[in-house]
Each structure stands twice: as C-alpha cells, then as structure tokens.
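Just below is one structure, and these are the notes that go with it.
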Amino acid sequence: ATTTTVVGTAAGTALFAARIVATRVAGSPAALAVVFLVIFVFLVFIGLFFAMAALVAWMQKVAQKYLALKELQVLTGEYIVKDLSEL
C-alpha cells in the first residue's frame, strides 16, 4: 500500500508523526492509550491558552469602556448646567 504524506505543513507533520506512532504502538493498547492521553492533554493546554487569551481581550474591552464612561462623568461634571425652564 502506498501512502502520501504532506510534509512542510504543521498538519502534514503531525499526521506523519501520528502514522509512525500508530504503526509502532499498534500491538500495544496501553501504549496507544498513553499516546492518546498525551495528545488529549496537549490539546487541553492549547484550549486553556486560547481561553485565557480571550478572557484577557474581553477584560481589556470592559476596562476601556469603564474608563471611557468615567472620563465622560468627569467632563460632564465640569460644565455648569442652567435650568432653562425658569426663563
């Protein structure tokens, strides 16, 4: 059987490595389970990293809105408002 591998891309390299690992641990279910566990833990860490990045971006956006509102409150406090209904 011939297999084609896309080398040069991250996905191609990962696929190539997965094929090598799968052929070497195919006879050992425990080793295969360890490989899948390692891959799972790696993907969990990547997910946590992106979740933290999204949280930081959201917090920055909220902080910017809060500071903009505080600045508007300061600016409106500097002006003297005259009640025009008394005229």
Phe49 with Phe42, same ILVMFWY side-chain cluster at under 4.5 Å: yes
Separation of Phe45 CZ from Phe40 CZ (nearest 0.5 Å): 10.5 Å
ILVMFWY network linking Val44 to Phe36, side-chain heavy atoms under 4.5 angstrom: no
Residues in side chain to side chain contact (heavy atoms under 4.5 Å, CB included) contact with Lys61, at least two apart in sequence or another chain: none
CE on Met59 to CE on Met52, rounded to 0.5 Å: 8.5 Å
Residue list, side chain to side chain contact (heavy atoms under 4.5 Å, CB included) with Val62, at least two apart or on another chain: Trp58
Whichever hydrophobic residues join Val38 through chains of side-chain contacts under 4.5 Å: Val34
Please list every donor-acceptor pair under 3.5 Å in which a side-chain atom of residues 67-75 meets a protein atom from a residue at least two apart or in another chain.
| residue | atom | partner | partner atom | Å |
| --- | --- | --- | --- | --- |
| Lys70 | NZ | Gln73 | OE1 | 3.3 |

